[in-house]
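What follows is a short report on a single structure.
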There are 2 protein chains.
Amino acid sequence: MSKRVTINDVARTAGVSRQTVSRALNDKGEIDGSTKQRVLDAVRELGYRPSRFARGLVRQDTTTIGLVIPDLLNPFFTEVAAGALEAARARGWHVIVYDTAGSVEEERGTIEVVVSQVDAVVGYFSLAESELDAHLSGMPAVLIGREHRTPRFSSIRIEGAAGVREAVDHLVAKGHRRIGMLDYEGRAEPSIRRAWFADAMNAHGLAADAVGNAVQSVDGGAEALTDLLAKHPDLTAVFTFNDIIAVGALRAARRLGRAVPDDLAVVGFDGLQLGTVVDPALTSVALDTRRVGALAIEQAGRLLAGEPQLPSEELLVNAVLLVREST
Amino acid sequence: MSKRVTINDVARTAGVSRQTVSRALNDKGEIDGSTKQRVLDAVRELGYRPSRFARGLVRQDTTTIGLVIPDLLNPFFTEVAAGALEAARARGWHVIVYDTAGSVEEERGTIEVVVSQVDAVVGYFSLAESELDAHLSGMPAVLIGREHRTPRFSSIRIEGAAGVREAVDHLVAKGHRRIGMLDYEGRAEPSIRRAWFADAMNAHGLAADAVGNAVQSVDGGAEALTDLLAKHPDLTAVFTFNDIIAVGALRAARRLGRAVPDDLAVVGFDGLQLGTVVDPALTSVALDTRRVGALAIEQAGRLLAGEPQLPSEELLVNAVLLVREST
DNA sequence: AAGCGTCCCGTGAACGTTCACGGGAGCGTT
DNA sequence: AACGCTCCCGTGAACGTTCACGGGACGCTT
């Protein structure tokens, strides 16, 4: 139907050339006041809006970043996304957000389409680097929460060994000896966080033998804690894969008549805002999630600009113990 | 520095014409297998990625929507955003998310820039329609949670009178007579939700006289409930502007030794997931937030396609009482 | 009156891709 | 041998904007 209104249409009805229209729209100097007004009137009358494609084609200034996450409703990713948006806004960049709904198929589809929509991509991927590379064809990409194996990718790493060690130290100092863990086995293998936990326990000469497995949800955490306590009733503290599971554990503890923190201490991971809405507020090995998102954007910027790469220590977010009320 | 790799560069190194390169990349039929492979090799070797601007300029197929929200970390907007992303994905559309950080200045800046980046805009704005219109210059726009005054805009309305009435009915049936409210006065005027509450109370011959005012945060809710109960110790139930404030109220009630729901019933508004992580789970006048986001995207699509407009009843989301554990 | 500077404005080119069209090579049919 | 068809491939044009440049009108100076 009705063709698009172009700059030439505006020029015609205003009785000027397209260049003059361009001048009026971009506040260039070389234009008479009355002419400018006439052009602006014509613009309004015709409902003209410049084509972002034509504009972007000639002046190569706008940068757009693709942010790929598995689930925006997962508060961890919400916070990371918020951090990324904030950092992008500070640079005048635009962020297209893709929620792959935790599906590998959706992720694959997103990867294929994102390459022709953005200048760089940032996100939490589950696909192998080889497959990512095949579709991304050279586009700058930053992996979040996952170490890159090929120099072709960048990554924002999350280092939690020290933080988990802090958490275990803290629990031990409070007198706890029997400390369990609720892990999350994403790809059917124990998480790195579990290894951190085991190391920290071993450093105290304690056994990390009471480890349960939870689904990534509040209900999953509640269920898992119930099971774990049934198997190991002597547990006085529990560390969880993340805050979501910990919140579930909090609820289960209450249901089981175990007062937190007196009868059972709970330590989460991530340090989400979520931990402050529950009661008691959750002690957690906290990440600066905002910084995770911001670092990813910054790194994308460096790749885009072809700047020299930072040492990997700079692309690291360290988790630190954040003591609230559940321990 | 280094110029961009164009389709002509690829054509040259592959020894073909640009059209052949285009054919290879877009899986058009009229190309020999070996030629296609040769082109693809050249593409990989040079790291060529087609310009989205040049491509978008000629084939006008990709649509991009701007989503403007005041705070992605506010779980209400997170859920709306997730709904919008889901609906957009289903249509193969792209969504650029702008978080204005609750600042009018940021919102103004976003409005100015968004017009040259997207095909339509959807969001929760605080600016007046006149100002929006001035910058948006004819771009399709959908207002969320706010009724449009000019036919120039569309809106997704939220109707909660019946839901709030349900909530009050429910409380009265449980024997409550002294029911207070924690309102949120955004622009220094009582909210529409307060009016709904007052109407529902009046229908029962009850006075809506115990109304406090809260800041939009968990702490704000806690503080406001403490104040309200100090003024009106006889309150046995409280309705809040939204779930965030309600969660704060839950915490304050516990601090004050008021057991929920036995000593104090709490009803929130929005029906967020957030209400399920607290204990007791929050009863709330619930909105289908996912639908709010989806409707906004759908409506943007109708505007873009120039389709006939739906009656406003179709662009409405009704809140319904969702009884959980806090009443 | 010639020269010069300032203020406006317009025209060709370029950005990088796809579309529409034309055409050559090779093979089979009559 | 002429024709037609299929399979490939290439060239001009178009998409809508900004950039680079040229130039006319006008006023002021000398």
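For clarity, every value in this text was computed on a predicted model and none was experimentally measured. Residue numbers begin at 1 in each chain, while the letters A, B, ... track the order of the sequences.
- Only A:Arg18, listed by number, bring a heavy atom of residues 10-18 of chain A to less than 4.0 angstrom from any atom of DNA chain D.
- In terms of modelled atom types and a separation under 3.5 Å, the side chain of A:Glu30 and the main chain of A:Lys28 share no donor-acceptor contact.
- Taking 4.0 Å as the cut-off between side-chain N and carboxylate O, A:Arg149 and A:Glu129 do not count as a salt-bridged pair.
- Along DNA chain D, the nucleotide nearest to B:Arg23 and the one nearest to B:Gln60 differ in position, and the one closer to the 5' end is contacted by B:Arg23.
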| query | Given the rule in the side-chain contact (heavy atoms from CB on, under 4.5 Å) test, do B:Ile7 and B:Tyr48 qualify, once you have shown the distances and angles that lead to the verdict? | reply | CA-CA 8 Å; B:Ile7 197 173; B:Tyr48 166 73; 3.6 Å; yes
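- The pair A:Lys36-A:Asp27 meets the salt-bridge criterion, with a side-chain N (NZ, NE, NH1 or NH2) lying under 4.0 Å from an Asp/Glu carboxylate O.
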| task | Under the side-chain hydrogen bond (donor to acceptor under 3.5 Å, both in side chains) rule, what do B:Glu107 and B:Ser126 come out as? Steps first, then yes or no, please. | result | CA-CA 8 Å; B:Glu107 181 176 340; B:Ser126 63; 2.6 Å; yes
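- A donor-acceptor pair shorter than 3.5 Å cannot be found between the side chains of A:Gln216 and A:Asp71.
- For residues 49-59 of chain A, proximity to DNA chain C is found at A:Leu57, A:Val58, defined as any non-hydrogen atom under 4.0 angstrom from a strand atom.
- Summary of helix geometry: the two end axes of the helix from C:dA1-D:dT30 to C:dT30-D:dA1, each defined by five base pairs via their C1' atoms, are inclined to each other by 60° (rounded to 10°).
- Under the 3.5 Å distance criterion, the side-chain polar atoms of B:Glu79 are left unmatched by any main-chain donor or acceptor of B:Leu272.
- Shown for residues 30-46 of chain A: residues whose heavy atoms fall under 4.0 angstrom of DNA chain C, namely A:Glu30, A:Ile31, A:Asp32, A:Thr35.
- Note on A:Asp41 versus A:Arg44: no salt bridge recorded, every NZ/NE/NH1/NH2 to OD/OE distance being 4.0 Å or above.
- B:Gln309 places a side-chain heavy atom less than 4.5 Å from the side chain of B:Leu303.
- A:Leu136 has its side chain within reach of A:Phe153: a pair of non-hydrogen atoms, C-beta onward, lies under 4.5 Å apart.
- Between A:Arg290 and A:Glu86 there is a salt bridge, since at least one side-chain N of the basic residue sits less than 4.0 Å from a carboxylate O of the acidic one.
- Protein chain A contacts DNA chain D over a range whose 5' and 3' limits, counting nucleotides with an atom under 4.0 angstrom from a non-hydrogen atom, are D:dG16 to D:dA20.
- B:Asp119 and A:Arg52 are joined by a salt bridge, as a carboxylate oxygen and a charged side-chain nitrogen come within less than 4.0 angstrom of each other.
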| message | If you apply the rule side-chain contact (heavy atoms from CB on, under 4.5 Å), what do you find for B:Arg108 with B:Leu127, and how did you get there? | response | CA-CA 8 Å; B:Arg108 201 168 273 130; B:Leu127 292 175; 3.8 Å; yes
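- In this structure, A:Thr62 and B:Phe53 approach most closely via the heavy-atom pair OG1-CZ, 3.6 Å.
- Note on residues 66-90 of chain B: pairs passing ring pair (Phe, Tyr, Trp, His ring centres under 6.0 Å), not counting sequence neighbours, are B:Phe77-B:Tyr124.
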